[in-house]
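Inspection log for the structure reproduced underneath, given as structure tokens.
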Amino acid sequence: HAADTTGADHPRRRHHRAHAFRVYVSPLATHIGAMCGIFAYTNYNCPKTQKEIVTKLLTGLKRLEYRGYDSAGLAIEDGESYTECTSKVFRETGKIANLEALLEANAGNMHPDLVFESHCGVAHTRWATHGPPAPRNSHPHTSDKNNEFLVVHNGIITNHQALRETLIRKGYMFESDTDTEVIPKLTKYLFDKFHDQITFRQLVMEVLRQLQGAYALLFKSSHYPGELVAAKRGSPLLLGISEGPHPGEQHAIVTSEGFTPSTKRAKRTSMEFYFASDASAMVEHTKRVLHLEDDDVAHIHNGGYGIYRMERVHCEGDDSPSLAYGPTVQSAEVERTIETLTMEVEQIMKGNFDHFMQKEIHEQPDAVGQTMRGRVVFEDDGKTVQRVFLGGMADYLSTIRRSRRIILCGCGTSYHSAIAVRQLMEELTELPVTLELASDVLDRQCPFFRDDSIIFISQSGETADTLRAMEYAKSKGALCIGIVNVVGSAISRATDCGIHINAGAEIGVASTKAYTCQITAMVLLALALSEDSRSRAARRLDIMRGVALLPDYMRRALALDGQMLELARTLVNENSLLLFGRGYNYATALEGALKVKEVALLHSEGILAGEMKHGPLALVDETLPLVVVATRDSSYVKQKSVIEQLRARDARLILIVGEDDDSLDRFADKNMIIKVPEIVDCLQPLVNIIPLQLLSYHLTVLRGHNVDQPRNLAKSVTVE
């Protein structure tokens, strides 16, 4: 069966709440990393030309474009010969194409055919947090004009101002407005202070002791040629390993500092290592990856790697750290499991589609099928659902049933998926189900209790606000459940249990298939929680019949693509759009409005239809387009009344109705009525959202905006 356990090391709390709870307090307590992308490539005894290395770095950055960025940069070695090289840094604002143009303009000063037996190259896409987009604020940042130490950084250093002032007093000059620049300059200061006593890895650990905040960092230095050091706290970072001509042997290699640990390792004749913020950047190079944990430091040297644990040192009330000390960091090498990526290169390619968002909308029937695979047990006919089995959740279902309440927590689209499933969760579990916006949890210091079960929903598993809310909930002793897409993400590792939605890589910034897969996963959870309820047996059976039909019904909804294109043409010059929903489809209205505003850059608002008379009705006239979701469920009669009231005021209506429902045809023009296949009420939002996703996509294209990378937005919102 597909794995349902999101945390690999979570405690098995099978019995009662009296069990001691593991409280995890993250270094993210102040901030979480910015929406940047890191990529690095290092080869050992694996000859590559400078041109090949630059191409790898640029391709890696392009795979990370969807994370959002406003500038990019890279650092490589260059010189007349392999033994006479210096580090060169190239930084540019705008798209990666601008960086490519800069490299092309400098081609006369480079040596593209120079072959490197061993080389370390680093690259970065920046999302501005400290200082505007500008080459001087772009990464890699350097320690001095000779580029002795180079650093790329994803995250926020909260004590950078104190460090900057300390280093300025010691004579260091700063050229950027960023928080990152203090890191290479601090590294150089400490290197000058005791470089005879310390390795590159130990030097980096001394630097890390001074930093507060969140980071994924890569360090490169001319004093330590061929070495690369990476560090993680809060922001995601993966190490990819591609081995030389010894396939099938043990994965591990001799450590970076020369000794062989107890596990079997074989020295390789040639090695390639990759660092990236996201698996999508390395899947085409290697599928063997290692997820760095918080406070891990990875050291690449001489074809070997070592992972070391940073012993955290807390400075009480000291905002201006003293730099007058000798090297004291002690650390031990730790083992980290190498995992095999299940992602395929095709998943990060557009295939026959023009944009990732378009591709991901059309992938939804298959993605939902993947979410159900191994969890929905069919009868022999392959069409009737016998039961729902959530393997990794099995030990926790009884605990959740005994909860005081269930809390659904997320941000943006993930929050909308919680709204869509709340009513069903209440109905089947007969427990109070509350909704929490993750960004509001800590602002309010929300009262969580030991007998609460809290479901944290995040596509990336790295969403800053959701991660912080989860850590707060763990500190209160609540049972934490994750609904995530990215395997190995921070939320998937830190929650007690949960479900991977298995939607596949989602590259477009606007979430589409993750939304429908999140709802599917939570519907399956509600069915599993109510398995022992006799009074709900008939209702459960009805829903399970719908679950079996769901992918086919979603495919039928995708056939509305042409009609949505025509509708988009009529709305392309509009300035505002209102969407009304009720019951299960309130979430549809909210999510449809979010899609239109985030990619088409058109003001849109999702409104609970029951609130229409309490303000929104004042906006209604013959020019403002209104979308009303009125498929046949328990709210149908009330929605019909809403439509009649709007039409009485000459409203310009666009209706989403059941394909066999002709009773509403008189309220709108034929081309303004969207007829969708009807399924069991709690699954209808999964069908109804598809035409709205298609509408937002076509509106964006017609309005000339970037579909996959909307203005000011990023895929992984990892900054508060």
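Quantities reported herein were computed from a predicted structural model and do not represent experimental measurements.
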Salt bridge present between Arg309 and Asp296 (N-O < 4.0 angstrom): yes
Presence of salt bridge, Glu293 and Arg493, under 4.0 angstrom: yes
Salt bridge present between Lys232 and Asp295 (N-O < 4.0 angstrom): no
Within 45° cone of Tyr41 ring axis and under 6.0 Å: Lys56 NZ or CZ: yes
Check: Gln364/Thr516 side-chain N/O donor and acceptor closer than 3.5 Å: yes
Phe273 and Tyr305 aromatic ring geometry - parallel, tilted or perpendicular at 30°/60° bounds: perpendicular
Heavy-atom closest contact (Ser492 atom, His500 atom, distance): CB-NE2, 3.7 Å
Test side-chain hydrogen bond (donor to acceptor under 3.5 Å, both in side chains) applied to Ser71 - qualifying residues, sequence neighbours left out: Ser138
Criterion side-chain hydrogen bond (donor to acceptor under 3.5 Å, both in side chains) on Asn43 and Glu272, from CA distance to verdict: CA-CA 4 Å; Asn43 56 305; Glu272 293 175 286; over 6 Å; no
Residues Ser511 and Thr413: side-chain donor-acceptor under 3.5 angstrom: no
Those residues that, when tested against Asp366, pass side-chain hydrogen bond (donor to acceptor under 3.5 Å, both in side chains) (two or more places apart): Arg555
Parallel, tilted or perpendicular: rings of His124 and His139 (30°, 60°): parallel
Under 3.5 Å side-chain donor-acceptor pair for His119 and Thr42: no
Derivation and outcome, salt bridge (Lys or Arg N to Asp or Glu O under 4.0 Å), residues Lys88 and Asp78: CA-CA 7 Å; Lys88 282 192 175 179; Asp78 187 50; 2.9 Å; yes
side-chain hydrogen bond (donor to acceptor under 3.5 Å, both in side chains) partners for Ser221, two or more places apart: none
Side-chain donor-acceptor contact under 3.5 Å, Asn147 with Thr142: yes
Arg201/Glu227 salt bridge by N-O under 4.0 Å criterion: no
Residues Ser414, Gln459; criterion side-chain hydrogen bond (donor to acceptor under 3.5 Å, both in side chains); working and verdict: CA-CA 7 Å; Ser414 295; Gln459 188 280 138; over 6 Å; no
Atom of Ala521, atom of Ile499 and distance for their closest heavy-atom approach: O-CD1, 3.8 Å
Flag for Glu506-Asn485: side-chain donor and acceptor within less than 3.5 Å: no
